[in-house]
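Within every chain, numbering begins at 1; the chains are lettered A, B, ... in the order of the sequence lines, protein sequences first and strands thereafter. Hydrogens, waters and symmetry mates play no part in the numbers below; they use all other heavy atoms, side chains included.
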Protein chains: 2
Amino acid sequence: MSSEQPAKKRISESTIHRLSMYYRTLSLLQKEGYETVSSKELANREKLTPAQVRKDLSFFGSFGTRGLGYDVNELKAKIGEILGIDRQWKLAIIGIGNIGSALVNYKEFSRQGFSIVKLFDNDQRKIGSNHKGIIVSDIKNLDKEIAEDGIEMVIITVPATVAQYMVDDVVRAGVKAILNFAPINLKVPPNVYLRNENMSMELEYLSFAIVNNHTPKNSK
Amino acid sequence: MSSEQPAKKRISESTIHRLSMYYRTLSLLQKEGYETVSSKELANREKLTPAQVRKDLSFFGSFGTRGLGYDVNELKAKIGEILGIDRQWKLAIIGIGNIGSALVNYKEFSRQGFSIVKLFDNDQRKIGSNHKGIIVSDIKNLDKEIAEDGIEMVIITVPATVAQYMVDDVVRAGVKAILNFAPINLKVPPNVYLRNENMSMELEYLSFAIVNNHTPKNSK
DNA sequence: ATTTTCATGTGAAATGGTTCACAAGAAATT
DNA sequence: AATTTCTTGTGAACCATTTCACATGAAAAT
Ligand SMILES: NC(=O)c1ccc[n+]([C@@H]2O[C@H](COP(=O)([O-])OP(=O)(O)OC[C@H]3O[C@@H](n4cnc5c(N)ncnc54)[C@H](O)[C@@H]3O)[C@@H](O)[C@H]2O)c1
Ligand SMILES: NC(=O)c1ccc[n+]([C@@H]2O[C@H](COP(=O)([O-])OP(=O)(O)OC[C@H]3O[C@@H](n4cnc5c(N)ncnc54)[C@H](O)[C@@H]3O)[C@@H](O)[C@H]2O)c1
């Protein structure tokens, strides 16, 4: 075993997002009783082109049958594998305020491969309280509890002023991926993945669109 | 007055998102006491290239001084204008559940030009209740109250199963832009702007990144 | 005043992403 | 068995976005 990086083609962020979309649509098609689906049908449901669908999939292999299309169950399983959601990820939420507690209450996450198993806060009034069967832990025990449970992802929902400290802490504790809601540019080492969820930016986009009569090619 | 569309260059979604980022950074620079800032400094704070910053701005005019950089206050005002946040937008939230109530409690929105002025739900136990001084209205009065208040944007935080109905209703009521949290592909007429906030997709992206050792060029 | 320094603004080049167009291959039909 | 129909998978063409590189111009220094 000599090479660390599997010299694979670099996949664009948009392709990955579309895989998520295909996955969701395939779940619906399953429920609707479809056995197979063409790139055309899949594209229609997402307002994309069939070529886009086929190209996206082609980066990872060839999963269809010419003249017939894709087997719905099979393609869904395959995309699930590609996305890494053919398993349960364990997550913790840091900061059990407005957003943090809304997220704990969301049952869909665990059905989609993301189990929230730990909650952390530094407010004595919150520590020990129960959210959907999970007791809020003291942030002081972060290191120990993250390691104990083998948590690999966290959601950051603390005030922006302390978000970087929390990130440094969870990185030190061995977390590999972070979904951040604080409106601030966080620094993470290169081996840790970070995504930002910024609602104000989305509202600003809408504001711009109204004011400028904006018609982009492919909007979210 | 003959032409409807001001035949302007089409701006990319990424440029608009970066304008939001510049805006936020300029606010910080203001607080830190900076009077001017170079494209280099601005780029550093966002992990972008100086050329990117200059190119983005160049679509809208030329706001800097050669040899010196940009005036912080001036550039912030200018970007605020471009984004259309040099005014207060009035918003309503449809569905006052977990996410909906988290959003009402977020004071920052109104400071950023987005005032939440109405809340709607169809649950009798919620209608009439008070959130940060706003009384939850019956969804039945949507049309009337949206018109009365001149609401142009709404946030949709109802279950996915009813989201399309709510969208149809708010569109009929004259709303121009929608921020949607329900994990479903909504249809809107071409003169209405829609953005989707999909947290599962972000988690799936992180999952993909861990599993595939992903290093994209420009990630969120 | 002249020179030096610095950083903008912008065409042109390079890179990246999407769409086209068609050969290939599987199933259905004759 | 041969033909027709259908839809995939993929290079090549196209289009969009980012980066380069430098002329331009403002301010500071000499
Ligand atoms: N609420 C929203 O709608 C909304 C919208 C957009 C962005 N955000 C961002 O999300 C973040 C959370 O927002 P919120 O409204 O839930 O805030 P909140 O104040 O309700 O919750 C923050 C929580 O973090 C906890 N906390 C603070 N410092 C901590 C620390 N050092 N360690 C552990 N826990 C700590 C607090 O006790 C609190 O429970 C903020 O950064 C905010 O800017 C929120
Ligand atoms: N909670 C989360 O963390 C989370 C995360 C991602 C996505 N989402 C999505 O956001 C949406 C809201 O999630 P939530 O957890 O807040 O759900 P929720 O059930 O807590 O809230 C939904 C609210 O909508 C109201 N509602 C239902 N039908 C309505 C109608 N016809 N008119 C008006 N109001 C109506 C309900 O009374 C309820 O108050 C869902 O689509 C969900 O999938 C939620």
*Rounded distance in Å - NZ (B:K47) to C1' (D:dT18)*: 18 Å

*Please report, rounded to the nearest Å, how far the P atom of D:dT17 is from the CD atom of B:Q52.*
11 Å

_Aromatic plane relationship, A:F208 with A:H214 - under 30° parallel, 30 to 60° tilted, over 60° perpendicular_ = perpendicular

*Does B:W89 reach the main-chain N or O of B:G84 with its side chain, forming a donor-acceptor pair under 3.5 Å?*
yes

*Whole-Å distance between C:dT15 P and A:R10 CZ?*
12 Å

*asked:* Contact list please: residues 22-31 of chain A against DNA chain D, heavy atoms, distance less than 4.0 Å, in numerical order.
replied: none

*Find the distance A:K78:NZ to D:dT8:C1' and express it as a whole number of Å.*
17 Å

*Can you check whether B:R18 has a side-chain N or O nearer than 4.0 Å to OP1 or OP2 of D:dT18?*
yes

*asked:* With a 6.0 Å cut-off (strictly less than), is the heavy-atom count around NZ of B:K40, excluding the residue itself, greater than 12?
replied: no

*Of the candidate nucleotides C:dG17, C:dT10, D:dT18, which contains the atom at the shortest distance from the side chain of B:S12?*
D:dT18

*Could you check how far CG of B:L48 sits from C1' of D:dC20, rounded to whole Å?*
16 Å

_Selection residues 51-77 of chain B - residue pairs positive for salt bridge (Lys or Arg N to Asp or Glu O under 4.0 Å), sequence neighbours left out_ = B:R18-B:D56

*Any idea how A:F109 and A:Y106 line up, ring-wise: parallel (<30°), tilted (30 to 60°), or perpendicular (>60°)?*
perpendicular

*asked:* Within the 3.5 Å criterion, strictly below it, is a donor on B:E197 or B:N180 matched to an acceptor on the partner's side chain?
replied: no

*Do you see a donor-acceptor pair shorter than 3.5 Å between the side chains of A:E46 and A:T25?*
yes

_For the residue pair B:R45 and B:Y34, would you count it as a cation-pi contact if the rule is NZ or CZ under 6.0 angstrom from the ring centre and within 45 degrees of the ring axis?_
yes

*Applying side-chain contact (heavy atoms from CB on, under 4.5 Å) between A:I155 and each of A:V104, A:I94, A:L103, report the one that passes.*
A:L103

_Under the rule for side chain to side chain contact (heavy atoms under 4.5 Å, CB included), what residues qualify as partners of B:P189, not counting sequence neighbours?_
B:V171, B:N191, B:V192

*Between C:dT10 (C1') and B:D56 (CG): distance, integer Å*: 13 Å

*asked:* It should be established whether A:T49 places a side-chain nitrogen or oxygen under 4.0 Å from OP1 or OP2 of nucleotide C:dT19.
replied: yes

Set out, line by line, the N/O atom pairs under 3.5 Å between protein and nucleotides 11-14 of chain D.
unit_1	atom_1	unit_2	atom_2	d
D:dG11	N7	A:K55	NZ	3.4

*Hey, which of these two, A:T15 or B:L57, hits DNA chain C nearer its 5' end, going by closest nucleotide?*
B:L57

*C:dG9 C1' sits how many Å from B:F63 CZ, rounded?*
12 Å

_Atom-pair distance (CZ on B:F59; C1' on C:dT8), nearest Å_ = 15 Å

*Does one side chain, of A:N198 or A:E202, offer a donor that lies under 3.5 Å from an acceptor on the other?*
no

*asked:* So if I take residues 33-45 of chain A and measure heavy-atom distances to DNA chain D, which residues fall below 4.0 Å?
replied: A:S38, A:S39

*How does protein contact run along nucleotides 21-30 of chain D, one letter per nucleotide 5' to 3', with B for base contact, S for sugar-phosphate only, - for none, heavy atoms under 4.0 Å?*
B-BBBB----

*Greater than 12 external heavy atoms within 6.0 Å of B:E35's CD*: no

*asked:* Can you tell me if B:Q88 has over 12 outside heavy atoms packed within less than 6.0 Å of its CD?
replied: yes

*Might you confirm whether atom NZ of A:K118 has over 12 heavy atoms from other residues, nucleotides or ligands at distances under 6.0 Å?*
yes

*Under 4.0 Å between a side-chain N/O of A:Y70 and OP1 or OP2 of D:dG9, yes or no?*
yes

